[in-house]
There are 6 protein chains.
Amino acid sequence: MDLSHINDQGRARMVDVSDKEETNREAIAKGYVYMKRETLDRINEGTMKKGDVLSVSQVAGIMGAKSTASIIPMCHPIMLSGCDISFKLDFEYNRVEIISTVKNSGQTGVEMEALTAVVVAGLTIYDMCKAIDKEMIISDVMLIRKTGGKSGIFQREQI
Amino acid sequence: MDLSHINDQGRARMVDVSDKEETNREAIAKGYVYMKRETLDRINEGTMKKGDVLSVSQVAGIMGAKSTASIIPMCHPIMLSGCDISFKLDFEYNRVEIISTVKNSGQTGVEMEALTAVVVAGLTIYDMCKAIDKEMIISDVMLIRKTGGKSGIFQREQI
Amino acid sequence: MDLSHINDQGRARMVDVSDKEETNREAIAKGYVYMKRETLDRINEGTMKKGDVLSVSQVAGIMGAKSTASIIPMCHPIMLSGCDISFKLDFEYNRVEIISTVKNSGQTGVEMEALTAVVVAGLTIYDMCKAIDKEMIISDVMLIRKTGGKSGIFQREQI
Amino acid sequence: MDLSHINDQGRARMVDVSDKEETNREAIAKGYVYMKRETLDRINEGTMKKGDVLSVSQVAGIMGAKSTASIIPMCHPIMLSGCDISFKLDFEYNRVEIISTVKNSGQTGVEMEALTAVVVAGLTIYDMCKAIDKEMIISDVMLIRKTGGKSGIFQREQI
Amino acid sequence: MDLSHINDQGRARMVDVSDKEETNREAIAKGYVYMKRETLDRINEGTMKKGDVLSVSQVAGIMGAKSTASIIPMCHPIMLSGCDISFKLDFEYNRVEIISTVKNSGQTGVEMEALTAVVVAGLTIYDMCKAIDKEMIISDVMLIRKTGGKSGIFQREQI
Amino acid sequence: MDLSHINDQGRARMVDVSDKEETNREAIAKGYVYMKRETLDRINEGTMKKGDVLSVSQVAGIMGAKSTASIIPMCHPIMLSGCDISFKLDFEYNRVEIISTVKNSGQTGVEMEALTAVVVAGLTIYDMCKAIDKEMIISDVMLIRKTGGKSGIFQREQI
């Protein structure tokens with residue numbers, strides 16, 4: 001199978017999708033931000049209050065999903081029909097789990113939008129907590145599930 | 001120590017840095033994209049040619065660094081004075097290592113710009129190879145080193 | 001009726017519209033910029049000339065309408081099919097009336113685009129006249145009419 | 001006094017500020033969103049919870065302030081050194097008061113950034129509550145105070 | 001025939017295309033960057049290597065095509081379904097020929113996107129070579145061919 | 001002399017300018033849009049009226065200058081301190097001459113901003129007149145003069 005992003009001159013192009021069917025599509029991605037226990041505790045306290053770190057992270061992630069095509073060079077512009085992000089504080093591994101769900105109806109899928117939502121949400125958590133923890137790590141950002149389109153359902157085996 | 005991003009009403013704000021000194025600052029971040037061996041081989045073949053995946057990834061990462069303040073809500077706008085990205089293909093762990101170096105002269109540092117460069121470069125690798133490998137993982141995105149500013153040098157112990 | 005922008009975790013999301021019908025939609029919004037009489041006179045003189053304040057304001061308003069989804073966090077990206085702005089100089093109340101009309105064909109309406117066009121046009125008038133009048137006020141920005149979509153016609157009673 | 005935005009050909013230009021002094025500057029703006037009592041009640045309930053309307057509005061307002069120069073045609077790009085927004089729920093007049101404070105150090109002031117923060121925050125409140133109240137009005141958006149720069153302090157008399 | 005961009009008040013508007021048919025459309029544009037022979041030689045050497053000037057120019061041109069509607073005031077937002085750029089080094093006239101091909105399916109065509117791709121690609125060549133040649137000239141940027149839509153095929157006679 | 005945009009791995013980078021002096025800089029660029037005589041006549045008639053093609057073109061060119069660093073990959077972000085554009089209708093050659101003047105105070109110059117202003121202004125003229133003339137050509141876009149910075153004055157010999 002070919003890297004379809006490469007043109008005849010061996011350079012990158014935005015793939016022509018004009019013959020692909022327009023279907024309802026969905027992609028789910030996840031990722032983690034690992035941090036010190038104290039940092040996680042601070043975020044947890046915040047979730048009791050109105051202006052918490054995760055609210056800002058969520059707004060950033062959703063706006064990030066919308067700007068995917070202007071950030072990733074060969075991505076097609078896409079009309080998102082929905083975007084949601086959820087968080088889980090995991091005190092066993094001292095990390096925040098970020099899960100994004102993105103939907104569209106169009107000729108290309110929304111994997112990149114779902115992944116971009118996760119990393120932008122993660123970067124925002126880093127930004128808002130870096131005054132107390134510069135060693136946070138954004139990790140295990142991956143596509144979980146993708147439906148719609150010719151290639152059918154992709155479901156990642158959980159690790 | 002406080003989460004300085006929170007205002008009196010408990011909501012997020014962009015911290016006032018007008019009293020901080022203007023110094024030369026630098027931040028180095030790194031991250032990895034894990035993939036199938038075949039995918040890494042394909043990228044490796046590409047580096048022999050002009051239009052390779054990593055060239056596009058690098059352009060994306062540098063442009064990503066420049067757009068950090070419009071992606072991350074509480075980030076200050078910053079005049080980057082330089083930005084570079086390097087890649088290492090690692091055939092032992094089947095991954096691409098991405099290292100970004102960002103410089104500026106100003107009242108706030110460029111950690112977020114360096115981290116954003118890494119994740120945008122990583123997302124671009126994913127985008128350009130996803131036709132052959134949807135299971136790639138962006139991982140271990142972290143700040144390596146930061147100099148300049150009142151808080152002095154931050155140097156992460158290598159793992 | 002619920003605030004549909006809130007997800008299960010109580011945080012904001014971009015509402016899923018993938019089941020909504022694709023129809024022709026239109027929204028009309030208006031607003032005013034109140035100012036000193038001298039400022040209004042100056043704008044009026046300008047409309048006789050080619051480079052007037054209102055021409056710049058109009059370009060800004062139209063471009064603002066197009067960038068609504070990148071400014072308003074939970075707004076869906078929308079393909080505008082048309083956008084127009086008209087002005088009326090009102091010497092009785094010393095104000096400029098701004099009326100925007102925005103059209104699209106899609107799954108969500110263009111109220112936000114019409115309102116954004118009005119406020120960006122208003123801000124631009126402020127910007128271009130602030131050297132002579134810092135006390136201008138942008139006021140009474142409201143949706144006048146909205147057609148298309150399941151909720152049918154909304155027509156505001158005039159005040 | 002002249003409209004300095006007009007060039008020799010009678011067209012708009014971005015004024016040359018290269019001879020202006022670089023000083024610390026601050027601008028404060030305010031505005032209101034008028035709404036039904038029920039809508040205000042709903043927002044008020046939300047402020048008890050983490051994902052409230054005002055948190056999203058605040059993030060939007062701060063990001064709006066940062067993008068002022070790309071929204072308002074003749075605005076100079078500015079490095080904001082700080083931005084904050086506060087809200088007051090006013091049950092007497094059934095409105096939300098929005099106050100923004102923006103700081104920078106540079107050759108031009110931040111009035112436009114403060115005003116843009118207010119209107120974008122207001123538009124976001126509209127967007128998130130429009131499912132239950134399409135008749136909200138954004139009103140009385142004005143500059144309250146401005147310090148720094150050659151023209152000195154501007155302080156609006158309260159109305 | 002009228003300049004359809006002008007509204008009743010004699011000001012610019014974004015033309016209403018909601019009654020136009022949605023068809024597959026394509027536009028091809030070209031342009032040249034003239035330069036010193038030594039500059040062309042340097043670019044030519046680069047094409048042998050991975051990080052050449054033309055690869056960066058191509059990424060820029062494709063991203064430029066995607067941002068056309070935010071750069072050109074009265075342009076409709078458009079969902080590109082494909083974009084490609086090719087280069088030819090012309091040692092007879094000491095110039096680089098840039099040809100862009102843009103496709104979409106929608107109510108308006110992609111001429112502006114194709115032209116924007118060419119000029120952004122050209123500006124990027126200038127930027128990356130200006131350290132050795134400030135006298136480069138971007139010239140002869142024109143639409144070559146356009147298909148789809150009511151107005152039918154436009155084919156420019158070659159010069 | 002080297003192409004300074006190339007890093008050790010042979011890929012593109014944003015050059016480090018942190019050791020360059022901060023000086024007042026200015027760049028002047030020009031370009032032409034060639035068109036049918038009838039098209040030029042139509043533009044000329046418009047300049048008598050308020051909403052003319054050239055006013056929109058000028059706003060677009062100035063906004064384009066401000067967005068140069070987000071369009072051209074390796075361009076440094078720059079705080080423009082001024083930007084102006086002038087037009088001359090040339091009935092001998094049936095063309096519009098566009099001249100841009102851009103100023104800043106910083107570590108890098110504004111050649112790219114001046115050139116970007118010209119091409120964006122030219123593209124906007126094309127966009128607004130393409131309904132009556134698809135054969136317009138944007139040509140002879142070049143840097144005329146550049147002052148400030150270590151490399152001193154660049155003055156192009158007129159052709």
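Chain A is the first sequence line, chain B the second, and so forth, proteins listed ahead of strands; every chain is numbered from 1.
- Contact annotation for Glu111(F): only side-chain heavy atoms (C-beta onward) come within less than 4.5 Å of a heavy atom of chain E.
- The minimum heavy-atom distance linking Met112(E) with Leu123(F) is given by the pair CE-O, 3.1 Å.
- Within a 6.0 Å radius of CZ in Phe91(F), more than 12 heavy atoms belonging to other residues, nucleotides or ligands are found.
- For the residue pair Lys134(E) and Lys146(F), the shortest heavy atom distance occurs at CE-CE, 3.6 Å.
- For Ser139(F) (side chain) and Asp140(E) (main-chain N/O), a donor-acceptor pair under 3.5 Å exists by modelled atom type.
- At a 4.5 Å heavy-atom cutoff, Thr68(F) makes no contact with chain E through either its backbone or its side chain.
- Within the 4.5 Å cutoff, no side-chain heavy atoms of Met142(E) are placed close to those of Glu135(F).
- What you find for Ile71(E) and Ala60(F) is that their closest heavy atoms are O-CB, 4.2 Å.
- Dense packing is recorded around NZ of Lys36(E), with more than 12 heavy atoms of other residues, nucleotides or ligands lying under 6.0 Å away.
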Q: Could you please spell out the steps behind the side-chain contact (heavy atoms from CB on, under 4.5 Å) verdict for Met128(F) and Ile72(E)?
A: CA-CA 10 Å; Met128(F) 294 191 70; Ile72(E) 310 299; over 6 Å; no
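- Side-chain atoms of Pro73(E) and Thr124(F), non-hydrogen and from C-beta on, do get closer than 4.5 Å to each other.
- Looking only at side-chain heavy atoms (C-beta outward), Leu143(F) and Tyr126(E) come within less than 4.5 Å of each other.
- For Met74(E) against Val56(F), the heavy-atom pair with the smallest separation is CE-CG1, 4.2 Å.
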